[in-house]
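Report on the structure given below.
Here is the naming used below: chain letters follow the sequence lines, and residue numbers restart at 1 for every chain.
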Protein chains: 2
Amino acid sequence: MKEGPDISHVAALIGDPARANMLMALMNGKALTASELAAEAGVTAQTASGHLAKLQQGDLVQVRKQGRHKYFALANADVAAALEGLMGLAAGQLRTRTGPKDAAMREARVCYNHLAGRRGVQMFASLLARDYLRENGEAIAMTTAGAGFAGDFGIDLDALHAARAPLCRSCLDWSERRTHLAGSLGRALLTRMEDLGWLRHDPKSRAILFSDTGLVAFDAAFPTEKGTR
Amino acid sequence: MKEGPDISHVAALIGDPARANMLMALMNGKALTASELAAEAGVTAQTASGHLAKLQQGDLVQVRKQGRHKYFALANADVAAALEGLMGLAAGQLRTRTGPKDAAMREARVCYNHLAGRRGVQMFASLLARDYLRENGEAIAMTTAGAGFAGDFGIDLDALHAARAPLCRSCLDWSERRTHLAGSLGRALLTRMEDLGWLRHDPKSRAILFSDTGLVAFDAAFPTEKGTR
DNA sequence: TTCATACTTCGACCGTAGCCGAAGCATTCA
DNA sequence: TGAATGCTTCGGCTACGGTCGAAGTATGAA
């Protein structure tokens with residue numbers, strides 16, 4: 001028995017304990033790095049790398065490269081549904097456990113050169129909600145209203161456009177596990193807020209520390225749905 | 001990575017090509033013998049036996065022993081649902097192909113000592129539809145109306161009750177892949193119809209040959225939903 | 001630049017599981 | 001009773017795939 005151009009291939013992918021643990025860890029919809037998945041599966045990084053390559057080739061996971069990290073997530077809802085079905089047969093138990101350590105880092109930190117963490121996600125969501133930015137798949141475009149907002153905020157868009165770097169890019173947040181704003185605009189927003197005295201860098205870590213008045217101003221500038229009222 | 005008390009075990013069962021082929025062959029809901037499944041999977045009987053034992057132990061299939069045959073079917077609808085989910089991921093193709101050879105045998109034949117084949121299934125279904133028999137899981141009980149019908153048909157129920165053998169048993173039909181009536185009642189019905197001259201045994205095979213008048217009488221005695229009018 | 005981190009590739013080891021031939025039961029049929 | 005059929009157990013072979021150490025590449029940090 002050799003040829004199995006069917007269901008068996010994908011089932012065999014799930015059938016390995018290490019890979020199954022990885023997939024189960026991804027079942028909450030969050031993205032995890034290769035190292036995290038290796039720990040989750042209880043194997044070394046080399047072994048995990050091989051497993052993840054197979055999962056990717058089998059279209060069970062999608063990958064997003066982020067600097068020197070690789071974030072893996074389930075490929076689509078169908079994969080989750082298939083796993084659910086198998087879980088029903090196994091009457092298995094879920095395993096959770098996720099995420100980082102430092103509270104300040106989760107709240108706000110610098111990601112390369114832009115704002116990340118809970119505040120970074122908040123800022124990006126606020127810009128999207130007010131239609132200053134629009135997401136089209138991977139691409140992010142600024143609206144004319146967004147350009148006005150950025151100008152009012154004290155950002156020189158012409159200078160940004162002159163540079164060759166892309167204006168807006170989405171970036172996967174490793175603590176929130178949602179996307180936040182990167183690109184030259186993300187960088188400009190962070191430096192502008194630093195100039196305004198809203199925040200400063202923690203010299204001992206990547207954490208970003210808001211001043212009291214800065215935090216109020218930030219919430220006013222980037223309101224969330226709850227905070228808008 | 002060793003311990004995988006989860007989803008991976010059942011997935012590994014499906015992950016073997018031979019076993020996957022067997023499961024796919026069972027996806028139409030019909031029951032198949034070990035030999036048929038071996039052929040379906042492209043392995044020898046010994047190998048298939050091992051695979052089927054594992055599938056049974058993993059609660060993916062249920063088994064029913066029928067004389068020297070063993071009929072396997074999917075354990076429940078959950079299994080089928082899980083397989084469906086995996087098929088969705090594999091975009092796989094179904095494979096069908098089933099069943100016996102001789103047309104006369106499929107139409108009607110003797111199964112041990114009772115009527116089997118299309119006519120046997122018809123008879124059983126007719127008795128159930130008119131509430132002469134009632135199915136309770138594995139058990140089959142005769143109703144009082146059924147007792148009256150049997151008496152009118154010329155069957156001595158007292159004699160059957162006197163014998164130690166069970167009155168009614170269901171028997172899985174290998175060509176129709178549905179259950180038909182076995183037990184002492186099934187035996188009595190067949191011999192009674194032979195006495196009435198409705199049918200006779202083919203001396204060269206297990207086939208049962210109806211006479212023209214016998215077939216008309218049989219259809220009248222055991223009408224199907226379509227034939228009732 | 002130099003160092004540290006995250007991931008990948010290479011090579012070798014090893015265990016497990018699939019496979020079949022042969023023999024062994026169990027059931028049916030003559 | 002003996003012969004045929006259907007399935008299982010046993011034993012041994014083979015190979016595929018998971019595993020890790022060590023070295024290699026890429027990215028970010030100092």
Side-chain angles (χ1 to χ4, degrees), chain A residues 1-4 8-9 12-22 32-39 41-58 63-72 109-114 116 171-172 174 182 201-206, chain B residues 1-4 8-9 12-22 32-39 41-58 63-72 109-114 116 171-172 174 182 201-206:
Chain A
M1 191 60 225
K2 195 70 278 199
E3 39 97 11
S8 71
H9 185 238
L13 283 177
I14 309 173
D16 177 75
R19 287 192 294 261
N21 280 331
M22 292 176 173
L32 295 172
T33 69
S35 311
E36 288 170 321
L37 289 170
V43 296
T44 60
Q46 316 89 289
T47 304
S49 180
H51 284 313
L52 289 168
K54 288 178 183 176
L55 288 176
Q56 189 181 355
Q57 186 148 12
V63 62
R64 178 160 183 170
K65 205 169 166 187
Q66 195 86 290
R68 53 182 170 184
H69 294 269
K70 255 178 126 174
Y71 282 89
F72 291 86
R109 67 181 176 280
V110 61
C111 172
Y112 187 23
N113 55 16
H114 53 267
C171 180
L172 193 59
W174 61 267
H201 288 262
D202 181 355
K204 320 194 66 120
S205 77
R206 288 169 52 203
Chain B
M1 193 61 227
K2 194 73 274 198
E3 38 99 13
S8 71
H9 185 238
L13 283 177
I14 309 174
D16 178 75
R19 287 192 293 262
N21 281 331
M22 291 176 173
L32 295 172
T33 68
S35 313
E36 289 171 322
L37 288 170
V43 296
T44 60
Q46 316 91 287
T47 304
S49 180
H51 284 312
L52 289 168
K54 288 177 183 175
L55 288 176
Q56 189 181 353
Q57 188 149 11
V63 62
R64 178 158 183 171
K65 206 169 166 187
Q66 196 84 290
R68 54 183 168 183
H69 293 268
K70 254 178 128 174
Y71 281 87
F72 291 87
R109 66 180 178 279
V110 61
C111 172
Y112 188 23
N113 56 16
H114 53 268
C171 179
L172 194 60
W174 61 268
H201 289 263
D202 181 355
K204 320 195 66 124
S205 78
R206 288 168 53 200

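Scanning both residues, A:Leu13 and A:Gly58, for their nearest heavy atoms gives CD1-CA, 3.9 Å. The shortest non-hydrogen separation linking A:Lys70 to A:Phe72 is O-CD1, 3.6 Å.
D:dG17 atom C1' lies 17 Å from atom CD1 of A:Ile14, rounded to whole Å. A:Gln57 has its CD atom 15 Å from the C1' atom of D:dG17, to the nearest Å. When the P atom of C:dG15 is taken as reference, atom CG of A:Asp16 falls 17 Å away, rounded to whole Å. As rounded to whole Å, 15 Å separates atom C1' of D:dT8 from atom CG of B:Leu37. The interatomic distance linking A:His69 (NE2) with C:dT8 (P) rounds to 13 Å, in whole Å. Here D:dT27 presents its P atom at 16 Å from CZ of A:Arg64, a figure rounded to the nearest Å. B:Leu52 places its CG atom 15 Å from the P atom of D:dG6, with the value rounded to the nearest Å. Protein atom CG of A:Leu32 is 15 Å distant from nucleotide atom C1' of C:dA6, rounded to whole Å.
A donor atom on one side chain and an acceptor atom on the other are found under 3.5 Å apart for A:Thr33 and A:Glu36.
Considering only side-chain N and O atoms, B:Lys65 lies nowhere under 4.0 angstrom from the phosphate OP1 or OP2 of D:dG6. Residue B:Lys54 places no side-chain N or O under 4.0 Å from the OP1 or OP2 atom of C:dA17. Look at A:Thr47 and you won't find any side-chain N or O under 4.0 angstrom from OP1 or OP2 of D:dG18.
The side chain of A:Thr44 lies closest to D:dG21, out of C:dC20, C:dC19, D:dG21. Residue A:Val43 places its side chain closer to D:dT19 than to any other of C:dA6, C:dC19, D:dT19. Which of C:dC29, D:dT8, C:dA17 sits closest to the side chain of B:Ser49 comes down to D:dT8. Listed candidates were C:dG18, C:dC19, D:dT8. Nearest to the side chain of B:Lys70 is D:dT8. The side chain of B:Gln46 sits closest to C:dC20 out of C:dC20, C:dT8, C:dT27. Checking C:dG18, C:dT27, C:dA4 against every side-chain atom of B:His51, the shortest atom distance belongs to C:dG18. Nearest to the side chain of A:Arg68, among C:dG18, D:dT5, D:dT27, sits D:dT27.
Looking at heavy-atom distances under 4.0 Å, A:Ala45 makes contact with a base.
Here CG of B:Asp16 is found 8.5 Å from CE of B:Met22. Values are rounded to the nearest 0.5 Å.
In this structure, the side chains of A:Ile14 and A:Arg19 stay at 4.5 Å or more apart for every pair of heavy atoms.
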